[in-house]
> 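Sharing a structure, written as structure tokens. Questions coming.
Along the sequence shown, the residues carry numbers beginning at 1.
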Amino acid sequence: MLRADLETDQPAFKGGGRNPSAFPQKKRCNLKKRTPPIHRSGALPPSRCCNSGKGSGSLGVAACKPPLRAMFGFCGGVLIFGQNVSAFFHLPIEKRSPREFVRAIAGKLCPGERWRIFAMKQPFCTPAQALRRVLDAAAALPVPATERVPLDDACGRIAARDLCARMDQPPFDRSPLDGYALHSADTAGAGEETPVTLPVVMKLYAGDAPAAALPAGCAARIMTGAPLPPGADCVLMQELTDSGEEQVRIYAQLQPNANVVFRGEDIAASAPIAAAGTVLTPAHIGVLAGQGIPDAEVFRPMTVGVLATGSELLEAGEAWAPGKIYDANGIQNAARLRQLGFAVERTHCSDDPEEIAARMKELLTRCDAVITSGGVSVGQKDYLPTVLEMLHAEPVFAGVAQKPGSPMIAAQVGEKLVFCLSGNPFAAAATLEQYAVPALLRAAGRREEDCIPVHTRGRLTTGFSKPSKGTRFLRARALGGLVEIPGEGNAEAHSSGSLSAMMGCNCLVELPAGSGPVAPGEEVEVLNFVQ
């Protein structure tokens with residue numbers, strides 16, 4: 001709920017008296033009107049949030065005395081707050097006025113105050129816009145440092161450069177089965193009733209190198225994986241022979257190249273194995289090892305700081321006390337990041353802006369990015385927008401037009417990304433998957449196409465009973481084209497504060513704005529979690 005607390009000991013302002021009622025009515029906000037909180041309406045720099053650059057708007061100026069923290073509705077494009085003043089007023093400004101000019105105006109109106117721009121008024125961005133912005137911000141960051149690691153330690157790591165084959169694989173023509181290497185011409189007319197008998201002049205096992213070419217009219221006993229002797233152009237499986245050792249009876253006729261694995265058939269020299277930015281899988285590791293490559297150059301893992309905010313939070317293992325809850329968001333977010341290969345430093349703190357700012361500064365000193373949970377909504381102790389301003393963060397976006405998780409903020413402090421998620425467990429989990437995970441993976445060096453949740457279509461086996469006024473995301477389980485929404489249609493199972501229904505889920509179901517309840521059998525859009 002928004003409110004304005006006005007005190008009687010306000011300093012005098014140019015153009016008006018001590019009481020804001022002295023201002024002309026047309027320049028004052030209607031404080032009774034419920035307007036969106038400023039930090040939910042966008043925190044982009046003026047160049048990105050002004051509409052046309054023409055005409056004029058109004059500057060909403062609000063300030064408060066510590067520890068008072070009031071939320072003010074406003075009519076213009078900018079909210080300013082100071083250290084000691086609790087007055088509220090508006091004055092005309094150009095819509096593209098730079099921040100320095102806005103601060104200068106505020107300073108003249110109230111000398112001695114230290115003013116900060118809290119937010120620039122802007123509608124929430126769409127989910128697609130939010131994802132695009134964080135991916136672009138991540139791609140613009142410096143390339144992570146690299147290191148060489150043994151193949152034994154390379155699985156799951158991100159290739160730092162293109163990896164190519166250095167030799168043909170297999171490096172020679174070889175037999176795929178146990179049998180006899182032959183000249184195909186020597187098998188002409190062979191059959192069960194008309195076998196062909198040939199002398200066996202050599203025996204080859206895997207690892208042997210043929211000492212001589214195979215003469216015409218002769219056979220070579222050969223085992224799986226052994227190289228074909230020069231001259232041989234086919235292999236007959238031993239089940240179609242009498243398995244003779246010194247001479248062999250052949251019961252089938254073969255065509256040239258039958259049962260031969262040719263040199264370079266698997267992968268040719270110089271062929272690509274993994275492009276830079278590829279997550280190395282066991283298959284990549286096997287192919288690299290088959291090339292005789294002992295190690296790989298990979299990006300060093302990013303370290304992400306995870307900060308859960310809330311005076312109500314306890315760490316697991318602490319004694320429970322009335323009014324307290326255990327921190328689930330922080331440890332769940334940390335677990336998901338570790339699952340994706342990030343190193344994590346996790347902590348929590350109380351709802352105090354100075355403490356939050358101090359903890360975030362510490363994490364930003366040691367970590368490559370920071371994720372917070374809690375403190376981004378409309379409550380009197382939702383301090384994260386203020387903290388970001390204290391840290392001189394550059395906003396990427398502030399607010400997403402979706403449910404859950406609409407108050408989320410993404411920002412950049414120096415060359416490090418910061419994601420401020422809702423304190424509601426499902427809202428935090430959903431926006432982590434939708435925006436923070438893709439951006440962090442991109443910053444870690446992954447190719448963009450491997451960072452984005454894959455969109456598929458699926459048929460519901462269970463429904464959801466509520467209409468969706470705005471874009472809504474539901475947790476779900478997808479398998480084989482079928483999608484199960486937990487809760488058997490019970491909408492309460494999908495509240496932002498519900499955590500247990502997330503167990504076993506591997507995707508989100510997207511319900512477009514304006515859609516009604518969905519029933520079993522309907523086809524829906526599915527966002528699969530990044531792996």
Side-chain angles (χ1 to χ4, degrees), residues 138-139 141-179 181-182 202-214 220-235 256-302 340-343 368 440-452 454 530-531:
L141 296 176
V143 176
T146 66
E147 61 184 355
R148 299 198 73 87
V149 298
L151 290 188
D152 279 332
D153 301 325
C155 189
R157 302 291 296 273
I158 302 171
R161 63 178 182 85
D162 294 342
L163 302 176
C164 299
R166 58 169 63 160
M167 61 186 292
D168 291 330
Q169 187 60 243
F172 44 77
D173 296 347
R174 65 175 178 84
S175 173
L177 46 82
D178 297 333
L182 306 166
M202 65 179 74
K203 182 178 288 188
L204 295 168
Y205 296 96
D208 290 345
L214 179 68
R221 188 75 165 99
I222 195 168
M223 304 302 169
T224 301
L228 263 67
D233 66 353
C234 62
V235 176
N257 302 326
N259 300 325
V260 177
V261 177
F262 293 99
R263 174 177 176 171
E265 184 176 308
D266 183 14
I267 188 167
S270 301
I273 297 174
T278 300
V279 179
L280 299 178
T281 65
H284 290 117
I285 302 302
V287 173
L288 290 168
Q291 294 290 309
I293 298 173
D295 51 30
E297 186 177 354
V298 296
F299 291 117
R300 288 185 178 175
M302 286 178 58
L340 291 166
F342 294 99
D368 302 296
L440 291 173
L441 291 175
R442 188 75 180 95
R446 269 206 205 190
R447 297 182 300 171
E448 181 173 300
E449 56 267 35
D450 296 333
C451 301
I452 302 172
V454 175
V530 177
Q531 301 301 317

> Checking Ala226 now: which residues fulfil side chain to side chain contact (heavy atoms under 4.5 Å, CB included) with it, not counting sequence neighbours?
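Side chain to side chain contact (heavy atoms under 4.5 Å, CB included) list for Ala226, sorted by chain: Leu204, Ile222.
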> For Met202 versus Pro229, what's the shortest heavy-atom pair and its separation?
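Shortest heavy-atom contact: SD-CB, 3.9 Å.
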> At what distance, to the nearest 0.5 angstrom, does OG of Ser175 lie from CG of Asn259?
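So the gap between those two atoms works out to 7.5 Å.
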> Go through the structure and list residues passing side chain to side chain contact (heavy atoms under 4.5 Å, CB included) with Val530, not counting sequence neighbours.
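Applying side chain to side chain contact (heavy atoms under 4.5 Å, CB included) to Val530 gives Val437, Leu441, Arg446, Pro453.
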> Who are the side-chain hydrogen bond (donor to acceptor under 3.5 Å, both in side chains) partners of Asp168, not counting sequence neighbours?
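Partners of Asp168 by the side-chain hydrogen bond (donor to acceptor under 3.5 Å, both in side chains) criterion, ordered by chain and then number, come out as Arg263.
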> With Asp162, which residues qualify under side-chain hydrogen bond (donor to acceptor under 3.5 Å, both in side chains), at least two apart?
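Partners of Asp162 by the side-chain hydrogen bond (donor to acceptor under 3.5 Å, both in side chains) criterion come out as none, since no residue qualifies.
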> Quick one: list whatever passes side chain to side chain contact (heavy atoms under 4.5 Å, CB included) with Asn257, sequence neighbours left out.
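Only Phe262 meet the side chain to side chain contact (heavy atoms under 4.5 Å, CB included) criterion with Asn257.
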> Name the atoms and distances for all side-chain donor-acceptor pairs under 3.5 Å in residues 269-294, with sequence neighbours left out.
{"from": "Thr278", "atom 1": "OG1", "to": "Ala275", "atom 2": "N", "distance (Å)": "3.4"}
{"from": "Thr278", "atom 1": "OG1", "to": "Ala275", "atom 2": "O", "distance (Å)": "2.7"}
{"from": "Thr281", "atom 1": "OG1", "to": "Ala283", "atom 2": "N", "distance (Å)": "3.4"}
{"from": "Thr281", "atom 1": "OG1", "to": "His284", "atom 2": "N", "distance (Å)": "3.4"}
{"from": "Thr281", "atom 1": "OG1", "to": "His284", "atom 2": "ND1", "distance (Å)": "3.0"}
{"from": "His284", "atom 1": "ND1", "to": "Thr281", "atom 2": "N", "distance (Å)": "3.0"}
{"from": "Gln291", "atom 1": "OE1", "to": "Arg166", "atom 2": "N", "distance (Å)": "2.8"}
{"from": "Gln291", "atom 1": "OE1", "to": "Met167", "atom 2": "N", "distance (Å)": "2.9"}
{"from": "Gln291", "atom 1": "NE2", "to": "Met167", "atom 2": "O", "distance (Å)": "3.3"}

> Going by salt bridge (Lys or Arg N to Asp or Glu O under 4.0 Å), name the residues that satisfy it together with Arg174, two or more places apart in sequence or in a different chain.
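With neighbours one apart ignored, the set is empty.
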> Around Phe172, counting heavy atoms of other residues, nucleotides and ligands shown, do more than 12 lie under 6.0 Å from its CZ?
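Counting other residues, nucleotides and ligands, CZ of Phe172 exceeds 12 neighbours.
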> With sequence neighbours excluded, tell me which residues meet side chain to side chain contact (heavy atoms under 4.5 Å, CB included) with Ala444.
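Side chain to side chain contact (heavy atoms under 4.5 Å, CB included) check on Ala444 returns Ile158, Met302, Phe342.
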> Applying salt bridge (Lys or Arg N to Asp or Glu O under 4.0 Å), can you list everything that pairs with Asp368, at least two apart in sequence or on another chain?
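Asp368 satisfies salt bridge (Lys or Arg N to Asp or Glu O under 4.0 Å) with no other residue.
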> Taking all non-hydrogen atoms of both residues into account, name the closest pair between Val261 and Pro170 and its distance.
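Heavy-atom minimum between the residues: CG1-CG, 3.9 Å.
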> To the closest 0.5 Å, what do you measure between CZ (Arg148) and CG (Asp295)?
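Atom-to-atom, Arg148:CZ and Asp295:CG are 4.5 Å apart.
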> For Arg157, enumerate each residue passing the side-chain hydrogen bond (donor to acceptor under 3.5 Å, both in side chains) test, keeping only those at least two apart in sequence or located in another chain.
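So Arg157 forms a side-chain hydrogen bond (donor to acceptor under 3.5 Å, both in side chains) with Glu147.
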> Among residues at least two apart in sequence or on other chains, which ones pass side-chain hydrogen bond (donor to acceptor under 3.5 Å, both in side chains) with Glu297?
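Partners of Glu297 under the side-chain hydrogen bond (donor to acceptor under 3.5 Å, both in side chains) test: Thr146, Arg161.
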> Listed by chain and number, what are the salt bridge (Lys or Arg N to Asp or Glu O under 4.0 Å) partners of Asp153, not counting sequence neighbours?
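If we apply the salt bridge (Lys or Arg N to Asp or Glu O under 4.0 Å) test to Asp153, skipping adjacent residues, there are no hits.
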> Heavy atoms only: give me the nearest Gly341-Pro301 pair and the separation to one decimal.
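Looking at all heavy atoms of both residues, the shortest contact is O-CB, 3.8 Å.
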> How long is the straight-line distance from CZ of Arg447 back to CZ of Arg442, given to the nearest 0.5 Å?
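Interatomic distance, Arg442 CZ to Arg447 CZ, rounded to 0.5 Å: 10.5 Å.
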> What's the shortest heavy-atom distance between Leu163 and Ala159, and which atoms?
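Shortest heavy-atom contact: CD1-CB, 4.2 Å.
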